[in-house]
Amino acid sequence: MPEISETTLEIDLNALDHNYKQITSGLKKGTRVLGVVKAGGYGSDAVEIARELESLGVDYLAVAYVAEGTELRGAGIKTPILVLHPQPGNFGALIEQCLEPALYSQRILKAFIAKAEEKEQKEYPVHLKFNTGLNRLGFRENDTEWIMGQLANTSSIRIKSLFSHLAASDDPNEKEFTLEQINTFKSISEDLSDRLGYMPILHQSNTSAILNYPEAEFDMVRTGIGLYGYSNEKQYDSKLKPVHTLKSVISQIHRIEPGETVGYNRGYMATGNEVTATIPIGHADGIPRALGKGKGHVLINGAKAPIAGNVCMDMLMVNITGIDCKEGDEVVIYGSVQRASELAKSANTISYELLTALSHRIKRVVCRK
Ligand SMILES: *Cc1c(COP(=O)(O)O)cnc(C)c1O
């Protein structure tokens with residue numbers, strides 16, 4: 001990689017290829033793969049990730065909102081796109097962009113049928129989402145009768161898939177609950193498929209379920225975090241490669257004396273003659289304030305430099321006492337050595353939150369390492 005001169009997120013497409021192959025290598029022959037690229041490809045670059053997944057032969061993509069799908073279509077992405085959480089106000093745009101809605105309640109299903117009829121659609125592909133215990137979005141098992149009634153009165157939509165989402169597929173302590181969710185989904189999908197008279201695609205697994213619950217594989221799996229190099233399993237993470245590497249530079253170095261303080265509210269006080277470096281990245285860029293006061297560190301020339309005092313909006317200061325470095329030197333916030341999951345832990349959060357919080361103003365550079 002060329003030297004960087006500002007805060008930069010490197011997006012490694014070879015790591016994505018590797019993770020895609022790794023995550024899908026254990027699937028049954030014929031199981032389809034849906035790649036989740038919501039939230040800007042988990043904070044990276046949704047278009048670049050979608051293009052690469054398309055070239056890898058992914059069967060489906062998923063985003064959370066219609067605007068995210070519109071961006072992908074605008075960039076020429078042709079793969080079917082499932083919109084996980086559409087709102088009725090965007091159904092017109094959704095149909096115009098050939099995006100496929102997840103319909104999750106009576107209100108949403110009715111509104112979509114009305115829009116599809118208004119736009120004179122025939123058998124528009126839709127996906128029915130069932131709540132099997134997450135209690136977030138989804139129909140209940142006892143909605144199937146009502147759903148069949150609605151379908152009997154229209155030819156504007158066709159059920160492309162039935163799906164559900166697991167609440168705790170990464171938590172071995174919740175095995176019993178998860179198996180119950182899987183059984184509930186099985187029973188709902190068997191019942192509905194029977195009544196429909198055709199077989200929609202069935203899917204319930206996210207990344208952790210792919211690894212922990214082969215019984216939830218069904219016809220398709222939805223992988224998000226795993227594609228980006230994180231699995232929620234420390235053991236398995238070593239088989240994956242982080243797509244995101246977040247780097248910055250040293251803007252200024254300060255030599256401070258005992259008793260001098262650093263940053264807002266004097267969050268750090270030097271106990272001896274110390275050296276600090278100011279880095280142009282802050283909480284507005286997605287670095288949690290919770291990492292301040294030594295909770296988190298960055299890497300400078302391979303050495304750990306703890307965050308000194310409070311993280312500011314646009315910058316943070318680190319203690320570089322004893323580290324051989326100079327202004328302009330590269331700083332690694334996370335990547336393949338210190339993984340985002342480890343830094344997340346120091347802030348009492350998870351890799352997902354750290355990655356997706358990366359602000360738009362951070363420069364993105366696509367690479368193949
Ligand atoms: C975000 C999301 C996923 C992806 O989950 P990962 O844990 O990132 O693999 C899958 N399904 C649904 C419904 C989601 O909202």
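Keep in mind that this is a model prediction, so the values were computed, not measured. Note that ligands are numbered from 1 as they come in the structure, with each ligand's atoms numbered from 1 the same way.
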- With side chains defined as the heavy atoms from C-beta onward, is the minimum distance between Thr70 and Leu72 less than 4.5 Å?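 Side chain of Thr70 against side chain of Leu72, heavy atoms only: no contact under 4.5 Å found.
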
- Query: Can you list every ring-ring contact (aromatic ring centres under 6.0 Å, His included) pair that touches residues 169-192, not counting sequence neighbours?
  - Reply: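 Every ring-ring contact (aromatic ring centres under 6.0 Å, His included) pair that includes a residue of residues 169-192, provided the two are not neighbours, is Phe185-Phe218.
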
- Row check, Tyr198 ring normal vs Arg158 NZ/CZ: under 6.0 Å, within 45°: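 Yes, cation above the ring, under 6.0 Å and within 45°.
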
- Message: Return the NE2 to CG distance between His18 and Asn14, rounded to the nearest 0.5 Å.
- Response: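 Reported value, rounded in 0.5 Å steps: 11.0 Å.
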
- With hydrogens left out, which residues have an atom under 4.0 Å from ligand 1, given that only heavy atoms count?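 Close residues (ligand 1, cut-off 4.0 Å): Val36, Lys38, Tyr42, Leu84, Lys129, Arg136, His165, Asn206, Thr207, Arg222, Thr223, Gly224, Ile225, Tyr352.
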
- Set of salt bridge (Lys or Arg N to Asp or Glu O under 4.0 Å) partners for Glu123, sequence neighbours left out: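 Not a single residue meets the salt bridge (Lys or Arg N to Asp or Glu O under 4.0 Å) criterion with Glu123.
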
- Query: Who are the side chain to side chain contact (heavy atoms under 4.5 Å, CB included) partners of Thr223, not counting sequence neighbours?
  - Reply: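 If we apply the side chain to side chain contact (heavy atoms under 4.5 Å, CB included) test to Thr223, skipping adjacent residues, the hits are Ile23, Val33, Thr207, Ile210, Leu227.
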
